[in-house]
Colleague: 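One structure, as structure tokens, below. Some questions next.
This is a predicted model, so every value here is computed, not measured. Both backbone and side-chain heavy atoms feed into the values below; hydrogens, waters and symmetry mates do not.
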Amino acid sequence: MSIDLMIHSANQVLTLAGDAPKRGATQGDLAITYSGDGAVAISGEKIVAVGDTLDLLALAGTHTRKIDARGKIVLPGFVDAHTHAVFAGDRANEFEMRLRGATYLDIQKAGGGIMSTVRATRAASLDDLIAQAHARLDTLLAHGTTTAEVKTGYGLDTATELKMLNAIAALAAEHAIDLVPTFLGAHVVPEEFRGQEEEYVRVVVEEMLPCVRNWRLEIGKPSPQSPVSNFQLPTSNLQLLISNLYCDVFCDDGAFTLAQTRRILTRAKELGFGLRVHADEFANLGAAALAAELGAASADHLMVTRRDEMRALARAGVVAVLLPGTTFGLGKTNFADGRAFVEAGVPVALGSDLNPGTSWCESMPFVLALASRYEKLTTAEAIVAATINAAYSLGIAERVGSLAPGKIADVLIADVPDYRHLAYRFGTNPIETVIKRGRVVAGA
Ligand SMILES: [Zn+2]
């Protein structure tokens with residue numbers, strides 16, 4: 001076997017190895033091996049060996065590119081379990097309103113909030129949407145994110161929701177980052193349906209969900225009629241896009257009720273979607289318990305979740321996706337209680353919640369810094385949450401999220417002597433080199 005790339009002599013290699021989501025006592029299991037002389041060997045886009053430097057260098061050939069990681073650490077690429085990375089425009093004006101005391105709901109009632117991004121996204125061309133998101137994905141990648149979930153939800157009509165899905169597919173094809181799409185037609189009730197909320201839910205259930213399912217089937221067979229016929233998806237990215245399509249609902253005050261959320265997610269499940277839910281961000285409407293009942297892949301935000309609901313998530317194997325960037329972005333202090341989720345035995349994952357309203361955060365290292373301080377996760381627990389557990393929440397843990405032979409070679413080199421520095425330092429980028437599918441895409 002020919003080794004194309006060899007990282008060697010690392011202070012620590014965090015393999016994150018294991019064959020199940022890490023929870024409870026194993027939430028902080030980094031599976032560090034080969035301390036002091038760690039090496040990773042890569043052939044093509046796959047990892048072929050993780051071991052100590054002397055053993056692995058013996059496999060190197062004359063053409064093998066070698067990267068010396070002396071004094072540094074090596075870890076899997078970050079998996080961002082929750083983003084709204086595709087959107088048009090910005091909401092800097094609302095940020096200023098919040099600084100002067102306006103609340104999220106005040107801003108929404110004044111016509112701002114999610115609807116202002118919906119108007120900008122509806123007005124943007126597909127190419128413009130792709131270009132704006134492409135620049136953000138470059139920043140994510142430079143900060144170590146090699147796989148990201150991306151939600152729709154700034155269209156809120158069938159045509160614009162499909163435009164967002166096409167933007168995600170185009171970005172998956174042209175950008176190094178792998179993307180997992182989530183349909184979030186139930187983000188808020190759009191202004192043209194004000195007073196007719198049940199009618200909008202009917203549109204989501206009866207029109208949008210079947211359309212999105214058909215989009216997923218169509219994208220698998222590009223043709224002149226296909227919405228994505230103007231580019232070729234690499235087979236590997238295509239597999240990710242069509243094998244993992246999720247449906248999410250924002251269940252909260254000012255968004256969707258528990259009954260509406262149940263109706264949408266139940267139909268989505270029947271149509272073959274995996275389920276995620278924005279639960280307990282502002283008000284507890286019972287969405288976490290619903291996620292457990294329906295066997296959702298994840299419940300996200302969870303800032304006001306009760307202990308009995310945490311235990312229900314643990315029993316059902318639902319991954320808790322915590323988003324400390326949002327709490328910080330809103331200037332609030334009621335962070336999700338990560339420690340309580342770990343103690344309840346819920347596998348905890350992290351996401352940036354990258355979005356223009358509450359969390360324009362493109363840095364998973366900054367998310368680690370917040371999660372350790374305010375959500376009471378240890379640094380090791382936060383790293384697990386940002387890699388292998390996030391991959392489990394997206395159904396792609398057999399391919400990414402840890403360093404093991406056969407996995408996709410998504411590998412980071414951080415210029416720190418010890419993993420604890422990833423959360424200990426903040427405000428700068430500790431990620432020096434990013435390797436995506438065996439290719440150096442940033443640094444080195
Ligand atoms: Zn979100």
Colleague: I'd like to know if E191 pairs up with R119 as an ion pair, taking the criterion as any Lys NZ or Arg NE/NH1/NH2 lying under 4.0 Å from an Asp or Glu carboxylate oxygen.
Modeller: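 A salt bridge links E191 with R119.
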Colleague: So, R122 and E192, do they make that salt bridge, N to O below 4.0 Å?
Modeller: yes
Colleague: Would you confirm whether E281, through its side chain, and M303, through its main-chain N or O, come within 3.5 Å as a donor-acceptor pair?
Modeller: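 No, E281 side chain to M303 backbone: no donor-acceptor pair under 3.5 Å.
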Colleague: Tell me whether D106 is salt-bridged to R98, with the criterion being a basic N under 4.0 Å from an acidic carboxylate O.
Modeller: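 So D106 does not pair with R98 through a salt bridge.
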Colleague: When you check the gap from the basic side-chain N to the acidic O, do R399 and D410 get nearer than 4.0 Å?
Modeller: no
Colleague: Taking ring-ring contact (aromatic ring centres under 6.0 Å, His included) as the test, write out the residues that go with Y246, two or more places apart.
Modeller: none
Colleague: Can you tell whether the side chains of R65 and D4 come within less than 4.0 Å, N to carboxylate O?
Modeller: no
Colleague: Would you check if F78 and P365 make a side-chain contact, meaning some heavy-atom pair closer than 4.5 Å?
Modeller: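 Result yes, sub-4.5 Å side-chain heavy-atom pair found.
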Colleague: Measure the CZ-NE2 distance between F250 and H187 for me, rounded to the nearest 0.5 Å.
Modeller: 6.0 Å
Colleague: Name all residues meeting the salt bridge (Lys or Arg N to Asp or Glu O under 4.0 Å) criterion together with R373; count only those two or more places apart in sequence or in a different chain, and write none if there are none.
Modeller: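 Per chain and number, R373 pairs via salt bridge (Lys or Arg N to Asp or Glu O under 4.0 Å) with no residue.
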Colleague: Is a side-chain N or O of D415 found less than 3.5 angstrom from the main chain of P430, in a donor-acceptor match?
Modeller: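 Not at all, since once roles are kept as given, no pair shorter than 3.5 Å links the two residues.
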Colleague: Quick check for you: to the nearest 0.5 Å, what is the distance between I413 atom CD1 and I7 atom CD1?
Modeller: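 The CD1 atom of I7 is 4.5 Å from CD1 of I413, to the nearest 0.5 Å.
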Colleague: Does the side chain of I435 come within less than 4.5 Å of T433's, by heavy atoms?
Modeller: yes
Colleague: Which heavy atom of T257 sits nearest to which heavy atom of Q260, and what is that distance?
Modeller: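 Looks like N-OE1, 2.9 Å.
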Colleague: For the residue pair A176 and L141, what are the closest heavy atoms and their distance?
Modeller: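 It is CB-CD2, 4.0 Å.
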Colleague: Any chance you could lay out the side chain to side chain contact (heavy atoms under 4.5 Å, CB included) test for S402 and T15, step after step, and finish with the verdict?
Modeller: CA-CA 6 Å; S402 64; T15 71; 6.0 Å; no
Colleague: Just checking, any donor-acceptor pair under 3.5 angstrom between side chains of D252 and H301?
Modeller: no
Colleague: When you check the gap from the basic side-chain N to the acidic O, do E398 and K407 get nearer than 4.0 Å?
Modeller: no
Colleague: Would you check if there is a donor-acceptor pair between the side chains of D300 and H278 at a distance under 3.5 Å?
Modeller: no
Colleague: My understanding is that only residues two or more places apart in sequence, or in another chain, count here; which of them pass salt bridge (Lys or Arg N to Asp or Glu O under 4.0 Å) with E197?
Modeller: none
Colleague: Check the surroundings of atom CZ in F193: do more than 12 heavy atoms from other residues, nucleotides or ligands lie under 6.0 Å from it?
Modeller: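 Yes.
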Colleague: Short question: side chain of T121, backbone of T117 - any donor-acceptor pair under 3.5 Å?
Modeller: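 Yes: the side chain of T121 pairs with the backbone of T117.
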Colleague: Whether the side chain of Q132 engages the backbone of V86 through a donor-acceptor N/O pair (distance < 3.5 Å, no angle test) should be reported.
Modeller: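 No, the answer is negative, given that no donor and acceptor are paired below the 3.5 Å cut-off.
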Colleague: Looking at side-chain heavy atoms only, is the closest gap between L354 and W360 below 4.5 Å?
Modeller: yes
Colleague: Once rounded to the nearest 0.5 Å, what's the spacing between atom CG of L30 and atom OG1 of T378?
Modeller: 7.5 Å
Colleague: Does some side-chain heavy atom of D90 sit less than 4.5 Å from a side-chain heavy atom of F95?
Modeller: no
Colleague: So how far is it from D157 CG to T160 OG1, rounded to the nearest 0.5 Å?
Modeller: 3.5 Å
Colleague: Looking only at atom types and distance, does a side-chain atom of S116 sit under 3.5 Å from a main-chain N or O of G113, one as donor and one as acceptor?
Modeller: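 Yes, the answer is positive, given that a donor and an acceptor are paired below the 3.5 Å cut-off.
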Colleague: What is the minimum heavy-atom distance between P76 and L412, and which atoms define it?
Modeller: O-CD1, 3.6 Å
Colleague: Does atom CZ of R439 have more than 12 heavy-atom neighbours, drawn from other residues, nucleotides or ligands, at distances under 6.0 Å?
Modeller: no
Colleague: With a 4.5 Å cut-off on side-chain heavy atoms, are E149 and L179 touching?
Modeller: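 Heavy-atom side-chain distance check fails, nothing below 4.5 Å.
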Colleague: Any chance you could lay out the side chain to side chain donor-acceptor pair (under 3.5 Å) test for H134 and E174, step after step, and finish with the verdict?
Modeller: CA-CA 9 Å; H134 191 108; E174 71 184 31; 2.9 Å; yes
Colleague: Does D280 form a salt bridge (charged side-chain N to carboxylate O under 4.0 Å, His left out) with R306? I'd like the steps, not just the answer.
Modeller: CA-CA 10 Å; D280 303 343; R306 295 190 314 263; over 6 Å; no
Colleague: Salt bridge between E309 and R311, side-chain N to carboxylate O under 4.0 Å?
Modeller: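 Looking at E309 and R311, the cut-off is not met.
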Colleague: Report all side-chain donor-acceptor pairs from residues 312-330 shorter than 3.5 Å, counting only partners two or more places apart or in another chain.
Modeller:
unit_1 : atom_1 : unit_2 : atom_2 : d
T326   : OG1    : L323   : O      : 3.3
T326   : OG1    : D353   : OD2    : 2.7

Colleague: Is there a side chain to side chain contact (heavy atoms under 4.5 Å, CB included) between E45 and K436? Walk through the geometry before answering.
Modeller: CA-CA 8 Å; E45 62 174 37; K436 176 64 195 176; over 6 Å; no
Colleague: Please give me the minimum heavy-atom distance between M164 and G153, naming the atom from each residue.
Modeller: SD-N, 3.7 Å
Colleague: Take atom CG of N93 as the centre, draw a 6.0 Å sphere, and report whether it contains more than 12 heavy atoms from other residues, nucleotides or ligands.
Modeller: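 Above 12, so yes.
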Colleague: Which atom pair, heavy atoms only, marks the closest approach of G401 to T387?
Modeller: O-CB, 3.7 Å
Colleague: Side chains of M208 and L162: does their closest heavy-atom pair fall under 4.5 Å?
Modeller: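 SC-SC contact between M208 and L162 ruled out.
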Colleague: Has the side chain of T26 got a donor or acceptor atom that lies under 3.5 Å from a matching backbone atom of R23?
Modeller: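 Yes, T26 side chain to R23 backbone: donor-acceptor pair under 3.5 Å.
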Colleague: Does S363 reach the side chain of N429, with side-chain heavy atoms less than 4.5 Å apart?
Modeller: no
Colleague: Report yes or no: does T139 contribute a side-chain atom to a donor-acceptor pair with the main-chain N or O of A135 at less than 3.5 Å?
Modeller: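 Such a contact is found between T139 side chain and A135 backbone.
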Colleague: Would V400 and V79 count as a side chain to side chain contact (heavy atoms under 4.5 Å, CB included) here? Give the steps.
Modeller: CA-CA 8 Å; V400 300; V79 178; 4.2 Å; yes
Colleague: List for me each residue that meets side chain to side chain contact (heavy atoms under 4.5 Å, CB included) alongside A414, sequence neighbours excluded, and say none if there are none.
Modeller: I73, L75, V416, L422, I431
Colleague: As an exercise, state the distance from CG of L137 to CD1 of I177, rounded to the nearest 0.5 Å.
Modeller: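 Nearest 0.5 Å value for the CG-CD1 distance: 5.0 Å.
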Colleague: Taking the side chain as every heavy atom from C-beta outward, state whether L265 and C247 have any pair of such atoms under 4.5 Å apart.
Modeller: yes
Colleague: Would you say T145's side chain and T147's backbone share a donor-acceptor pair under 3.5 angstrom?
Modeller: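 No.
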Colleague: Regarding R136 and the six-membered ring of F87, is the cationic atom NZ or CZ under 6.0 Å from the ring centre and inside 45° of its axis?
Modeller: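 The answer is yes; both the distance and angle limits are met.
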Colleague: Strictly by salt bridge (charged side-chain N to carboxylate O under 4.0 Å, His left out), give each pair with a member in residues 330-351 just once, sequence neighbours left out.
Modeller: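 As it turns out, the salt bridge (charged side-chain N to carboxylate O under 4.0 Å, His left out) pairs with a partner in residues 330-351, which skip direct neighbours, are R307-D337, R339-E381.
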Colleague: Mark yes or no for whether E161, through its side chain, and G155, through its backbone, hold a donor-acceptor pair below 3.5 Å.
Modeller: yes
Colleague: Show the nearest heavy-atom pair for residues A297 and R276, with the distance to one decimal.
Modeller: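 Between these two residues, the closest heavy atoms are CB-NH1, 4.1 Å.
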Colleague: Please step through side chain to side chain contact (heavy atoms under 4.5 Å, CB included) for the pair T379 and Y424, ending with a clear verdict.
Modeller: CA-CA 8 Å; T379 302; Y424 166 46; 6.0 Å; no
Colleague: Just by modelled atom types, is the A385 backbone N or O under 3.5 Å from a matching donor or acceptor in the K22 side chain?
Modeller: no
Colleague: With no hydrogens and no angle check, do the side chains of T182 and D248 hold a donor and an acceptor under 3.5 Å apart?
Modeller: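 No, because no side-chain N or O of T182 sits under 3.5 Å from a partner of the opposite role on D248.
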Colleague: For the residue pair D127 / S125, report whether a side-chain donor-acceptor contact shorter than 3.5 Å exists.
Modeller: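 No, no side-chain donor-acceptor pair sits under 3.5 Å.
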